[in-house]
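Values below: every heavy atom of this structure, side chains too, minus hydrogens, waters and symmetry copies. Note that the structure is a prediction, hence the values are computed from the model and not measured. Below, chain A is the first sequence line, B the second, and so on; all start at residue 1.
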2 protein chains.
Amino acid sequence: MARMAAKDRREELIAAAIRVMVRDGVTKATTRAIVGEAGMPLGVFHYCFSSREELLQEVITRLTDSSVAKARDVFTAEDDDLGARITKTLLAFWEGVELSPGEHQVGYELTHYALRQAGFEELARRQYDHYLEVHQEFLLAAAESAGIRWTVPLPVLARYLNAVLDGVTLCWLADRNSEHSREVLRLTGEHLLTLAER
Amino acid sequence: MARMAAKDRREELIAAAIRVMVRDGVTKATTRAIVGEAGMPLGVFHYCFSSREELLQEVITRLTDSSVAKARDVFTAEDDDLGARITKTLLAFWEGVELSPGEHQVGYELTHYALRQAGFEELARRQYDHYLEVHQEFLLAAAESAGIRWTVPLPVLARYLNAVLDGVTLCWLADRNSEHSREVLRLTGEHLLTLAER
DNA sequence: CGGTGTCTTGGACGCTCGACCAACATAACG
DNA sequence: CGTTATGTTGGTCGAGCGTCCAAGACACCG
């Protein structure tokens, strides 16, 4: 194996771990499966990570950050009215789900893993803190650029939005009913519109 | 160990498995942990079940059925108007979540387990089919007794309701913000009311 | 050059897991 | 009673797991 800095190897292992998890699920992401995916000998693992948990922790934060960043990229269009902007954003989110269901699935699996792992509960909490924050940012930006204000407290509205998206995704992962899922998002978009006032 | 019919032992093992899962999570529910919880010797397990998967399958259907039954019990009050009925039902559901978070958590864990396990995808699909069906029943019964009709197709509305409940639960499992969670449910209830017409 | 720190590697450890079985105990029934 | 069916038990198997380590290879620097 070509010589490589431990830092770089960490990154490759994290990436390999995510690939394995997306393909086979979190529980199948063993140390051996991960180094296998990365094409490295087993011994490398504990030279780069003190434990499997340390890698998992890293994976959780990376995946959350990337989800949040991806979501933030979505709401950059400023030239639409409120209705169009909401619709576009919800559908853009949904495209992301249908395009890579595995990533979202892994997100949920990691949440439940963290909720059960002693000392990891905080990670699950932070995960949802970030999600809520990004939704709140979106709602705030949309309101400002449209010159309206929300008739419902922003944290509550953000949680509502987060809940619908999570719930629709979860249900779709099980039954793959894309048509109904989109209808629910459309319905939610219309609902949000009624919660804005000048 | 007292002599017991294999059928009866199966039931006790299923119940013990559910207890272990609620307490420690699905992944910790090993054959040894389960028979330990049931106070039986290890050998019993494969006398009653051909495999661990067979037990898991049984647990999934039992837990789904019990959730559905519990949900059905909630919407029996016929004497309220539509708004009161919706509010009562949503809050009753929420009481169930806060009262036994572990059970709901296990529900999600089993869904993700089933989605990853070859040959179990159908079980996850059926799980959500049942959930959607029960929500649809509720919406239909509420509409009939209130003399209204829904302006949104029933399957879509049921999916919407299911999504909000799932999403709020999931988020609450992570951050335990009860106040905001209730606010989201209140908001959803009000929204549903606007989707009814005479 | 030699020495020191960094990286590489294959193998081994102790443990837990699902599964299996032979030997035994108890019931059911002619 | 004897035979057959059913249930009980402790031990054991092989596989896979996270973790660790000694020995070597390589790079850098005085």
Side-chain angles (χ1 to χ4, degrees), chain A residues 1-21 23-60 109-110 112-114 116-120 123, chain B residues 1-21 23-60 109-110 112-114 116-120 123:
Chain A
M1 191 92 236
R3 210 179 160 83
M4 193 184 305
K7 287 277 176 196
D8 298 339
R9 234 177 246 284
R10 271 179 73 101
E11 296 305 314
E12 285 204 19
L13 283 172
I14 291 169
I18 292 177
R19 287 199 302 277
V20 173
M21 288 181 193
R23 190 195 327 122
D24 303 323
V26 170
T27 61
K28 304 278 184 60
T30 65
T31 55
R32 284 167 177 81
I34 293 167
V35 296
E37 170 75 22
M40 301 176 186
L42 178 56
V44 163
F45 192 94
H46 281 87
Y47 183 74
C48 299
F49 295 95
S50 70
S51 70
R52 181 175 175 268
E53 285 195 6
E54 188 186 322
L55 189 164
L56 265 294
Q57 193 166 329
E58 212 66 45
V59 166
I60 291 176
E109 289 174 13
L110 286 174
H112 291 297
Y113 170 85
R116 292 292 191 184
Q117 201 72 7
F120 274 56
L123 249 68
Chain B
M1 192 95 236
R3 209 181 160 83
M4 191 184 307
K7 288 278 177 195
D8 298 340
R9 232 177 246 284
R10 272 177 72 101
E11 297 305 314
E12 285 205 17
L13 282 172
I14 292 170
I18 292 176
R19 287 199 302 276
V20 173
M21 289 179 193
R23 190 194 329 120
D24 304 322
V26 170
T27 61
K28 304 278 184 60
T30 65
T31 56
R32 285 168 177 81
I34 294 167
V35 297
E37 171 75 23
M40 302 176 184
L42 177 57
V44 162
F45 192 94
H46 282 87
Y47 183 74
C48 297
F49 295 95
S50 69
S51 70
R52 182 176 174 267
E53 285 195 8
E54 187 185 321
L55 187 162
L56 264 294
Q57 193 166 330
E58 212 66 46
V59 166
I60 291 176
E109 289 174 12
L110 286 174
H112 291 295
Y113 170 85
R116 291 293 191 183
Q117 201 73 8
F120 274 56
L123 248 70

4.5 Å side-chain heavy-atom contact, B:R116 and A:D24: no

Exercise: identify the closest heavy-atom pair between A:I34 and A:L55: CD1-CD1, 4.1 Å

Residue-phosphate contact under 4.0 Å: A:H46 side-chain N/O, D:dT19 OP1/OP2: yes

A:R52 CZ to D:dG16 C1', straight-line distance once rounded to whole Å: 13 Å

Separation of D:dC13 P from B:R32 CZ (nearest whole Å): 14 Å

Criterion side-chain contact (heavy atoms from CB on, under 4.5 Å) on B:V26 and B:V59, from CA distance to verdict: CA-CA 11 Å; B:V26 170; B:V59 166; over 6 Å; no

Residues within residues 33-41 of chain A bordering DNA chain C, heavy-atom distance below 4.0 Å: A:P41

Non-hydrogen atoms of A:T27 and A:T30 that approach each other most closely: O-CG2, 4.3 Å

Student check: side-chain heavy atoms of A:H46 and A:R52 closer than 4.5 Å: no

Between P of D:dC17 and CZ of A:F45, the distance in whole Å: 12 Å

A:Q57, A:H112, A:E53 screened by side chain to side chain donor-acceptor pair (under 3.5 Å) with A:Q117, the one that passes: A:E53

Leading and trailing nucleotides of DNA chain C with any atom under 4.0 Å from heavy atoms of chain A: C:dG5 to C:dA12

B:K7 NZ to D:dG7 C1', straight-line distance once rounded to whole Å: 15 Å

A:A6 vs B:S50, nearer the 5' end of DNA chain C by closest nucleotide: A:A6

Terminal axis angle for the helix from C:dC1-D:dG30 to C:dG30-D:dC1, five pairs an end, nearest 10 degrees: 10°

Side-chain heavy atoms of B:V44 within contact of B:L13, under 4.5 Å: yes

Which atom of A:A33 lies closest to which atom of A:V20, heavy atoms considered: O-CG2, 3.9 Å

Length of the line joining A:Y47:OH and D:dC21:P, which is rounded to integer Å: 15 Å

B:R23 side chain reached by B:K28 side chain, heavy atoms, under 4.5 Å: no

Contact check, side chains of B:E109 and A:E109, non-hydrogen atoms, under 4.5 Å: no

Shortest side-chain distance from A:T31, nucleotide among D:dT6, D:dT19, D:dA27: D:dT19

Quiz item: B:R9 side-chain donor-acceptor pair to D:dG7 base, under 3.5 Å: no

Whether B:E54 side chain and B:S50 backbone form a donor-acceptor pair below 3.5 Å: yes

Under-3.5 Å donor-acceptor pair between B:R3 side chain and D:dT8 base: no

